[in-house]
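Both ligands and their constituent atoms are indexed starting at 1 by order of listing. The structure displayed is predicted, hence computed values, not measured ones.
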Amino acid sequence: MSKEEYIKEAEESIVHTYNRFPVVFDHGKGVYLYDLDGKKYLDFAAGIAVCAFGYQNEEYNECLKEQLDKITHTSNLFYNVPTIRAAARLKKASGMDRVFFTNSGAEAIEGAIKAAKKYAYTRDGHAGHEVIAMKNSFHGRTVGALSVTGNEHYREPFLPLMDGVKFAEFNSLESVRALVTDRTCAIIFETVQGEGGIYPASDAFMQGVRKLCDERDILLLLDEVQCGMGRTGEMFAWQHYGIKPDIMATAKALGCGVPAGAFLLTEKTAQKSLAPGDHGTTYGGNPLIGAAVDKVLEMMERDRITEHVKTIAAYLEQKLDELVAAYDFLTERRGMGLMQGIVCEKPAAEIAAAALEHGLVVITAGGNVIRLVPPLIIEKEHVDEMVKKLKSVLNEE
Ligand SMILES: *Cc1c(COP(=O)(O)O)cnc(C)c1O
């Protein structure tokens with residue numbers, strides 16, 4: 001079948017929830033992707049911040065193949081070694097105390113919200129607690145995650161969603177403080193807003209919310225699904241701020257291509273939170289996924305991926321700042337580490353589509369932001385190649 005025929009078939013059989021780019025990828029190697037026709041693309045999207053080690057990483061692939069031939073699934077009614085190892089590594093990397101593995105980011109957020117509610121329920125002896133979330137946020141598409149997502153377009157058709165959620169202005173401590181009541185159990189936000197347009201939390205906001213949470217025994221729930229796992233130059237972006245959340249959600253690069261997510265709790269939170277019978281998952285943390293997560297964390301730690309990200313991100317930022325200075329319709333660069341956005345006065349989706357023609361994969365965020373979330377293993381030469389390709393695209397605008 002030709003590419004056109006595959007695309008036609010897809011449009012006739014898969015629910016049309018995405019306006020996909022007309023590309024059918026076939027395989028990848030390193031930081032490059034290849035489509036059905038063998039055309040080569042430099043990948044600065046990494047499957048939306050997932051493929052931290054790019055494609056065909058031999059060590060990762062071998063590990064999965066070995067586990068595949070041993071056992072892939074047991075259910076959570078039994079113990080399995082890969083997942084026990086993965087949990088230990090995740091605890092060490094985050095400094096958190098308890099892990100619950102999930103299959104996706106949205107599912108990690110769902111569990112994290114339940115964990116926060118259960119904490120307040122145990123403490124107060126009654127239910128009916130509230131959550132403060134942020135405008136312009138994104139936490140996933142399931143009903144609970146959508147309930148804390150501050151995007152009317154995503155929410156409207158599905159109302160009413162989960163009760164008791166209020167939305168504050170991101171990076172405005174006063175706006176958060178104004179919404180706190182005796183029933184508030186958690187404040188949730190992304191350390192770096194991703195889908196909304198790459199907005200990092202300010203230092204003052206992070207410190208202020210942490211202090212507010214401490215004063216009122218409210219749980220700070222950070223969504224690190226996109227910005228976590230080394231992407232910003234620390235294993236988790238909150239580690240830049242000298243604070244620690246009570247609950248954290250991670251996913252995307254956690255499995256580097258196999259469906260993996262997790263939420264983590266501090267011991268203090270866990271003591272009053274989920275108990276047997278409160279939560280579950282059939283697939284979450286199965287041996288295949290556990291092996292992948294264990295390997296990803298082993299490689300990130302051993303290869304000092306965060307050091308590499310810091311170095312290469314400094315170069316990327318410099319090059320992007322030059323780009324913004326050179327084109328009058330590019331107005332700003334925002335981001336942390338290898339999670340960068342270029343604010344653009346033209347529709348970012350058109351630029352992303354044109355980039356594909358030039359053999360470059362970039363994605364968008366918040367409508368007018370070109371989002372760059374490359375594999376974490378990129379080198380300077382790849383930054384140079386990306387800039388060269390992006391310039392060709394921008395010169396045509
Ligand atoms: C992608 C994302 C999610 C949802 O993850 P899924 O695996 O798509 O369910 C949640 N939060 C943030 C910040 C994300 O970027």
(Q) I need the nearest protein heavy-atom contact for atom 5 (O) of ligand 1: residue, atom name and distance, please. (A) Gly105 CA, 3.2 Å
Q.
Test of understanding: given a 4.0 Å heavy-atom threshold, classify the contact between Ser104 and ligand 1 as side chain, backbone, both, or neither.
A. both
Q. Where the side chain of Asp43 meets the backbone of Leu33, is there a donor-acceptor pair that is under 3.5 Å apart?
A. no
Q. Just by distance, with hydrogens left out, do Thr250 and Glu224 show a side-chain donor and acceptor under 3.5 Å apart?
A. no
Q.
When you measure from atom 8 (O) of ligand 1 to the protein, is at least one non-hydrogen atom found at a distance under 4.0 Å?
A. no
(Q) Could you check whether Tyr283 and His73 have their ring centres less than 6.0 Å apart? (A) yes
Q: Quick one: look up the protein heavy atom nearest atom 11 (N) of ligand 1 and list residue, atom name and how far away it is.
A: Asp223 OD2, 2.7 Å
Q: Please confirm whether the backbone N or O of Phe138 pairs with a side-chain atom of Glu190, one donor and one acceptor, at under 3.5 Å?
A: yes
Q. Counting from 1, what ligand 1 atoms have a heavy atom of Gln226 closer than 4.0 Å?
A. 15 (O)
Q: Check each heavy atom of Glu190 against ligand 1 and say whether those closer than 4.0 Å belong to the side chain, the backbone, both or neither.
A: side chain
Q) Looking at ligand 1, does Lys252 have a heavy atom less than 4.0 Å from it? A) yes
Q) Where the side chain of Arg123 meets the backbone of Lys272, is there a donor-acceptor pair that is under 3.5 Å apart? A) no
Q. When you look at CG of Asn395, are more than 12 heavy atoms from neighbouring residues, nucleotides or ligands closer to it than 6.0 Å?
A. yes
Q) Considering only heavy atoms of Ala106, which atoms of ligand 1 have at least one such atom less than 4.0 Å away? A) 4 (C), 5 (O), 6 (P), 9 (O)
